[in-house]
Amino acid sequence: MGINFGYIRVGTNEQSLDRQLEVIKPYIADGKYIYNNKASGKDMERVGFQNILKAMLTFATSNPC
């Protein structure tokens, strides 16, 4: 059994995630697996990005093929 993870991002706090969220929602069964950031894309240390990487690694290591 797999889980679909989603990640959305905008570059500034003034921008809205709403449109991206509406597009991704049909593909992610549980909203807790949608991660987001309002930060520049040049920084790979974004909290939401790091959190999705950790979540995917945790899922993969606890659910081997």
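Residue numbers count from 1 along this sequence.
- Interatomic distance, Gln50 CD to Met44 CE, rounded to the nearest 0.5 Å: 7.5 Å.
- Between Tyr33 and Asn4, the closest side-chain pair of non-hydrogen atoms is not below 4.5 Å.
- No side-chain donor-acceptor contact under 3.5 Å links Arg9 to the backbone of Lys38.
- Between Ile3 and Met56 there is no side-chain heavy-atom pair separated by less than 4.5 Å.
- Separation of atoms OH (Tyr7) and CG (Asn51) is listed at 10.0 Å; rounding is to 0.5 Å.
- Every residue two or more places apart in sequence or in another chain was checked for a salt bridge (charged side-chain N to carboxylate O under 4.0 Å, His left out) with Glu45, and none qualifies.
- Interatomic distance, Leu53 CG to Arg46 CZ, rounded to the nearest 0.5 Å: 9.5 Å.
- The residues Lys25 and Glu22 are annotated as salt-bridged, a charged nitrogen and a carboxylate oxygen being separated by less than 4.0 angstrom.
- Scored by the ring-ring contact (aromatic ring centres under 6.0 Å, His included) test, Tyr35 finds no partners at all (sequence neighbours excluded).
- Phe59 and Ile28 fall within the same hydrophobic cluster, defined by Ile, Leu, Val, Met, Phe, Trp and Tyr side-chain heavy atoms under 4.5 Å apart, directly or through other members.
- Side-chain N or O atoms of Gln15 include one that pairs as donor or acceptor with a backbone N or O of Gly11 at under 3.5 Å.
- Annotation for Thr61 and Thr58: closest pair OG1-O, 3.2 Å, computed over non-hydrogen atoms.
- Atom CZ of Phe5 and atom CG of Asp30 lie 10.0 Å apart (nearest 0.5 Å).
- For Lys54, there are no salt bridge (charged side-chain N to carboxylate O under 4.0 Å, His left out) partners at least two apart in sequence or on another chain.
- No side-chain donor-acceptor contact under 3.5 Å links Asn36 to the backbone of Ile8.
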